[in-house]
*Asks:* 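After the structure tokens below, expect a handful of questions from me.
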Amino acid sequence: MKLSISKYLVVLVLFAVSLGACDKNDDIDISQIDFSNIEDLYAKPLPVIQKCVEGKWKWDAQFGGDAGITYLENTFVDIYNDYYIVDKDGNQRTQYFTWKKKSFKDHGTQYKTWVMWDDDSNGGLYYFLGIKNDTLGVGLFPSGGVTFNQFSNSFIRIK
């Protein structure tokens with residue numbers, strides 16, 4: 001009887017360890033996701049956010065500040081795994097980033113999501129709220145002691 005209990009405990013411990021070692025993201029079936037429409041993109045696992053935002057975008061508008069809404073012309077963003085390129089009227093700027101999970105407020109709502117993070121300045125760049133009909137809602141991560149987002153943007157996917 002003692003031997004049976006010991007075997008049972010060993011199997012139970014091995015099972016528990018193997019479950020803890022599994023990555024929850026392995027269960028995501030990316031092929032079943034409509035990357036043109038995700039209402040709560042901020043709440044999704046990092047692989048879903050990355051797959052959704054990587055690619056070519058037209059920077060359509062910026063919301064907030066004194067101007068209210070500013071429509072950007074001739075401004076494009078190419079987002080890759082660990083950097084993005086902004087092209088405005090042929091002038092390009094490259095920004096490298098890593099992904100960090102951060103908490104913050106946006107218009108009264110508390111978020112915990114993956115943020116494009118600039119390690120050189122130790123500050124956040126962008127986070128992603130949702131996407132509807134290939135228009136991506138992009139928030140500017142609060143910085144400089146500000147605890148809420150004051151600006152957001154819209155990017156339109158270029159197909």
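For the single chain, residues carry numbers from 1 onward in sequence order.
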*Asks:* Is it the case that the side chain of D87 and the backbone of G90 share a donor-acceptor pair, with hydrogens and angles ignored and the cut-off at 3.5 Å?
*Replies:* yes
*Asks:* Testing the basics here: between L125 and V115, what is the closest heavy-atom pair and its distance to 0.1 Å?
*Replies:* N-CG1, 4.1 Å
*Asks:* Thinking salt bridges, do K159 and D134 make one under a 4.0 Å N-O criterion?
*Replies:* yes
*Asks:* For the pair N37 (side chain) and N133 (backbone), establish whether a donor and an acceptor sit closer than 3.5 Å, ignoring hydrogens and angles.
*Replies:* yes
*Asks:* Could you measure the distance from the OG1 atom of T135 to the CZ atom of F155? Nearest 0.5 Å is fine.
*Replies:* 11.5 Å
*Asks:* Side chain to side chain contact (heavy atoms under 4.5 Å, CB included) for S152 and V138? Distances and angles first, verdict last.
*Replies:* CA-CA 6 Å; S152 57; V138 182; over 6 Å; no
*Asks:* Enter the distance from F76:CZ to D89:CG here, rounded to the nearest 0.5 Å.
*Replies:* 9.0 Å
*Asks:* Grab the two heavy atoms, one from W57 and one from G55, that are nearest each other, plus how far apart they are.
*Replies:* CD1-O, 3.3 Å
*Asks:* Kindly give the heavy-atom pair with the smallest separation between Y71 and A61, and that separation in Å.
*Replies:* CD2-CB, 3.8 Å
*Asks:* Take S154 and F63 through the side chain to side chain contact (heavy atoms under 4.5 Å, CB included) test and state the conclusion after the steps.
*Replies:* CA-CA 8 Å; S154 64; F63 309 91; 3.9 Å; yes
*Asks:* Where is the tightest heavy-atom contact between L72 and Q62, given as atom of each residue plus distance?
*Replies:* CD1-N, 3.8 Å
*Asks:* Does any part of the side chain of K88, heavy atoms only, come nearer than 4.5 Å to the side chain of N74, both counted from C-beta?
*Replies:* no
*Asks:* Can you measure from OH (Y42) to OG1 (T113) and round to the nearest 0.5 angstrom?
*Replies:* 9.0 Å
*Asks:* Taking atom CD of E73 as the centre, does the number of heavy atoms from other residues, nucleotides or ligands within less than 6.0 Å exceed 12?
*Replies:* no
*Asks:* May I ask whether I85 and L140 are part of the same hydrophobic cluster, defined by side-chain heavy atoms of I, L, V, M, F, W, Y residues being less than 4.5 angstrom apart, directly or through others?
*Replies:* no
*Asks:* Can you check whether D34's main-chain N or O pairs, donor with acceptor, with S36's side chain at less than 3.5 Å?
*Replies:* no
*Asks:* Can L41 and V53 be said to form a side chain to side chain contact (heavy atoms under 4.5 Å, CB included), step by step?
*Replies:* CA-CA 10 Å; L41 184 58; V53 304; 4.3 Å; yes
*Asks:* If I take atom CD1 from residue I38 and atom CG from residue L129, how far apart are they, to the nearest 0.5 angstrom?
*Replies:* 12.5 Å
*Asks:* Considering all heavy atoms of both residues, which atom of R157 and which atom of E54 are nearest to each other, and what is their separation?
*Replies:* NH1-O, 4.2 Å
*Asks:* I would like to know whether K112 and K101 meet side chain to side chain contact (heavy atoms under 4.5 Å, CB included); could you show each step before the answer?
*Replies:* CA-CA 7 Å; K112 184 170 187 175; K101 196 152 197 177; 4.1 Å; yes
*Asks:* For the OG atom of S121 and the CD atom of Q95, what is their distance to the nearest 0.5 Å?
*Replies:* 7.0 Å
*Asks:* To the nearest 0.5 Å, what is the distance between NZ on K100 and CG on N122?
*Replies:* 5.5 Å
*Asks:* For a quick test of reading the model, state the closest non-hydrogen atom pair linking M116 to F128 and the distance between them.
*Replies:* CE-CZ, 3.7 Å
*Asks:* Please list, chain by chain and in numerical order, all residues satisfying ring pair (Phe, Tyr, Trp, His ring centres under 6.0 Å) with Y126, sequence neighbours excluded.
*Replies:* Y84
*Asks:* Near K56 NZ, under 6.0 Å, is it more than 12 heavy atoms from other residues, nucleotides or ligands?
*Replies:* no
*Asks:* Which word best sums up how the rings of Y80 and Y83 line up, parallel for under 30°, tilted for 30 to 60°, or perpendicular for over 60°?
*Replies:* parallel
*Asks:* Establish, for the pair K102 and W117, whether the NZ or CZ atom is under 6.0 angstrom from the six-membered ring centre and no further than 45 degrees off its axis.
*Replies:* yes
